[in-house]
Every structure is written in structure tokens, then in C-alpha cells.
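Working notes for the structure below.
Order of the sequence lines sets the chain letters (A, B, ...), proteins ahead of strands, with each chain counted from 1. Side-chain atoms are counted along with the backbone in the values below, which use heavy atoms only and exclude waters and symmetry mates.
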2 protein chains.
Amino acid sequence: MTKDLRENRLKARIRDIADFYHHKGRMPSFSEIGGMAGIKSKNAVYKLVNKLEKLKVLARDERGRLIPGSIASSVKILGTVEAGFPGAAEEELSDTLSLDDLLVKNPQSTFMLKVSGYSMSEAGILPGDMVIVDKKQAPKSGDIVIAEVDSEWTIKYLDKKGDDVTLIPANPKFTPIKPKKELKIAGVVTAVIRKYR
Amino acid sequence: MTKDLRENRLKARIRDIADFYHHKGRMPSFSEIGGMAGIKSKNAVYKLVNKLEKLKVLARDERGRLIPGSIASSVKILGTVEAGFPGAAEEELSDTLSLDDLLVKNPQSTFMLKVSGYSMSEAGILPGDMVIVDKKQAPKSGDIVIAEVDSEWTIKYLDKKGDDVTLIPANPKFTPIKPKKELKIAGVVTAVIRKYR
DNA sequence: CTTGACAGTAAACGTTCGTTCACCTATAAT
DNA sequence: ATTATAGGTGAACGAACGTTTACTGTCAAG
């Protein structure tokens, strides 16, 4: 068996394990890996797993149980548009990340919200976009926040100058808001997501 | 023990299991759940797991092994800004989803790219934004695509009229591109992500 | 030609797993 | 007052798990 064939087979096996993990939400057992890879002996699987562990494709607990390594993450990160494009070297296994990990620091205090108005469209937040909001982060001046002003919820820039608080829309057609009595800030917008299909 | 206390304890246990899953990338075993929850008997854990299964917090394989249910997902989905805000009923366990699942259909053929120019800023795609690109999806007219025109990579709207193909920027300050010889389309932009902090 | 590394089969082993049984004790409902 | 029901202890059991040892064949390099 030639070298290329061996590498391709390894990649196919990694892909199988990754697919398994993404579809089922757990790592396959040794026998399941054996089944997918067409390996009858558990020892062969054992050696394969050790190799994949060195490749950081997967890892192990302090208890020795399999946990995902690089395959946990679903998206490969490539370069910049209009700054050259990684054409040949696409097939790297490395440099992947999970969007959940990237965008959500505190799952417990984070939620998602659909944007409906045009008041932030100049900041690239359009109606239909989803914003990811963290309730626990302390809002600072300049942040985009979800706020309740006079019993209505809006998304705006937060402008803080001492005790003077203003909510500023990105769209100049809308007017800045000075809360009359109370200003409740539901959370800080940590990310924006737009889905095309 | 009163009703409220029991519910709170259940919620705390669900949170513990969710945290375990998010930190380790796998579901805890029965004994590990027992350890976290302060339960000494495996039977008690067994009953707890069955209850959580009915609550769709977790699920089981066809092999009977634990897989995450609603806790797999990290973000709760709430309503719309400027359409009322779920104030009291926040603490729902339901209606959560994983951003990976939401944004990535085919992990194998999907990658991420950072945008650098202003050519799509009118479509809400600003420099610094990340676009999620699927190589396998067939590009249709109206899609935003990553394309190589005359050995340069760009992000543009795809306009197809029969054999007549044009790449149209969203920003009117940029001019549409008619590829002279070859047009390679690297993939279709399926989502845009902007991270604030 | 020989040697060493690699990939696999096969069998055996102790551990841990999830399940089940019997029993107990509070709370909530009748 | 009595009865269900929910939540828990403790022990036992077979099945599945990951690991280990011993052996085999197949290339590639010396």
C-alpha cells in the first residue's frame, strides 16, 4: 500500500469520526470506530486512537475517556477575502473552531434575539438579523445594548458620560433617546448573525 | 421539602450537566452525575436521567447511551426587539439551539473568511466581519458568493442571466464586474458573523 | 536480504457502565 | 388517617468498555 493511499484512508477515518460526533453529539466507542473503519480488532482501533490523539484530532479525559479534539469545531478558518485565497492548502485539519465557543462566553446568561427595525442599519444590523446578547456583561459606553426605555425594548448604542446616559441609534433618521425615568439594560450585544439560507 | 426547592434543585442539576457537557465535550456518566448532584445511589441517578429524558434535556442513542438534548445548544431564543420582551418567562429551558447547527449544514465543505473591503457594506457586510462559506452549495442568481475573477478573490452578489454572469457589489461606489475569461466560484456565503467583544 | 516500523487479527482481563431489585422516607393528595 | 408518589440508599448483575499481550503479514529503508 502506497503512502498516499494510507493518508487518504486516515483522513476518511477522521471524517467518519467527526461525522459521528456531529450527528450524535458524542464520541464513538472503540468498537464503533472499528465498525466505521472496517477494523475487526480492538487493538488496531486502540493504535489508531493513539495516533489521532497525537494529531490532536481527539483527546482524552483525566478519566481516559474520548473527547473531541479539533473535530469538535465545525468551521475551518481561512484567510481574508481580497487578500489572497488559500487555494491548494485548503484541506488542512487544523485551525477549526466552534461557532458556539467563538460567540458565546456564558451560555447560561446568553440569548438570541431577532432584530426588527432599521434603527441600527448603519451599523450593519439589519431587520431579520439575530443578535446575541449577554445579560451578565457590564455595559460600557460605546457598546450596543438591548434596553428598556419607558416600557419599550430597543437596540441602540449606549453613550455614557458620567451619570448622563443616552441611547443613540446608528441610523441618523432616528433620534437619540434620553430615558426620562428609568433605563433597564437587558444585556450587551456581543455578536450579530445573519443567515442567508 | 417544598415544591419550589425541588424545582430549583432540578434546575441546578440540569445546569451542572450542561456545564459538564460544554466543558468536556461529552455527557457525564451516571456516577459522574451522581457525584455532581450529591446522589450516592445509582438508581436515584437512573430515575433522574429518565426524568430529564422526558424533559428533553437529554436523550439516548439507539444504543442507550446518553446524548445531549436541549443542553447541547448554547443559546436561548427569545422574541423580537421592539416587539415586546420576555421579561418574567426568561428562565425557560426550551427553545435553545446550537449556533453550529444553525449556521453550518455541511461541516466538511464549510469554512470561514474575514471580509476586508467595503464593497458589500450596503448589504450589511462590513470589513472585519466573518462570512461562512459553503463550497458545496450550487450558487444561484442573487446569492452572495466568494469568487475568483482574473486571479483575484472577492465577495459579491452573483447575477446570472442565462450564460451572462455578473458580479455586483452592494456598494454603489464599486463597479460591477464582468469576468473576462474565467470565473471560479469558491462557494456561497450562507451566513455573516460580527463579533463585538 | 534483512530489519524495523506499521497495521492488523485474536483472545483474555479487570473495570466501569447502565440496569434492575428490594427497601426506606418524606411530602402531597385523597 | 391513609395512600400514592417522588426521591433516595444499597447491593447485585450482565454487558460493554478500554487496555494489554502475543502473534501475523506487509511494505520501505538500510
Measure from CG on A:Asp61 to P on D:dT19 and round the result to the nearest Å. 11 Å
Side-chain-base donor-acceptor pair under 3.5 Å for A:Asn43 and D:dT21: yes
Over all heavy atoms of both residues, which pair between A:Asp164 and A:Lys178 is shortest? Give the atoms and the distance, please. OD1-NZ, 2.8 Å
Please give, in whole Å, the distance from C:dT19 C1' to B:Leu48 CG? 15 Å
Would the distance check show the side chain of B:Arg65 and the main-chain N or O of A:Arg26 forming a donor-acceptor pair, the cut-off being under 3.5 Å? no
With a cut-off of less than 4.0 Å, is there a side-chain N or O of A:Arg9 near OP1 or OP2 of C:dG8? yes
Please state whether the base of D:dG8 and the side chain of B:Ser41 form at least one donor-acceptor pair under 3.5 Å? no
Using a cut-off of less than 4.0 Å, is there contact between a side-chain N or O of B:Arg65 and OP1 or OP2 of D:dC17? yes
NZ of B:Lys42 versus P of D:dC13: gap in Å, rounded? 14 Å
In whole angstrom, what separates B:Phe30's CZ from C:dT19's C1'? 8 Å
Whole-Å distance, A:Tyr46 OH to D:dA22 C1', equals 16 Å
Any donor-acceptor pair, under 3.5 Å, between the side chain of A:Lys47 and the base of C:dG8, if you only look at N and O atoms? yes
Within a strict 4.5 Å, meaning less than it, do heavy atoms of the B:Leu58 and B:Met27 side chains meet? yes
Taking only side-chain nitrogens and oxygens of B:Ser29, does any of them come within less than 4.0 Å of OP1 or OP2 of C:dT16? no
Comparing B:Ala44 with B:Arg63, nearest DNA chain D nucleotide closer to 5' gives the residue B:Ala44
If I take atom CG in residue A:Asn50 and atom P in nucleotide C:dC6, what distance separates them, rounded to the nearest angstrom? 13 Å
Round to a whole Å and report the spacing from CE of A:Met27 to P of D:dG18. 11 Å
Rounded to whole angstroms, how far apart are NZ on A:Lys40 and P on D:dG25? 15 Å
Which is true for B:Leu66 with a 4.0 Å heavy-atom rule: it touches a base, it touches only sugar-phosphate, or it touches nothing? nothing
Answer yes or no: does a side-chain N or O of B:Arg60 lie under 4.0 Å from OP1 or OP2 of C:dT19? yes
May I ask you to say what B:Lys51 touches in the nucleic acid, namely base, sugar-phosphate or nothing, with a heavy-atom cut-off under 4.0 Å? sugar-phosphate
Please confirm whether the backbone N or O of B:Lys173 pairs with a side-chain atom of B:Asn171, one donor and one acceptor, at under 3.5 Å? yes
Does the side chain of A:Ser109 pick up a donor-acceptor pair with the side chain of A:Asp134 at under 3.5 Å? yes
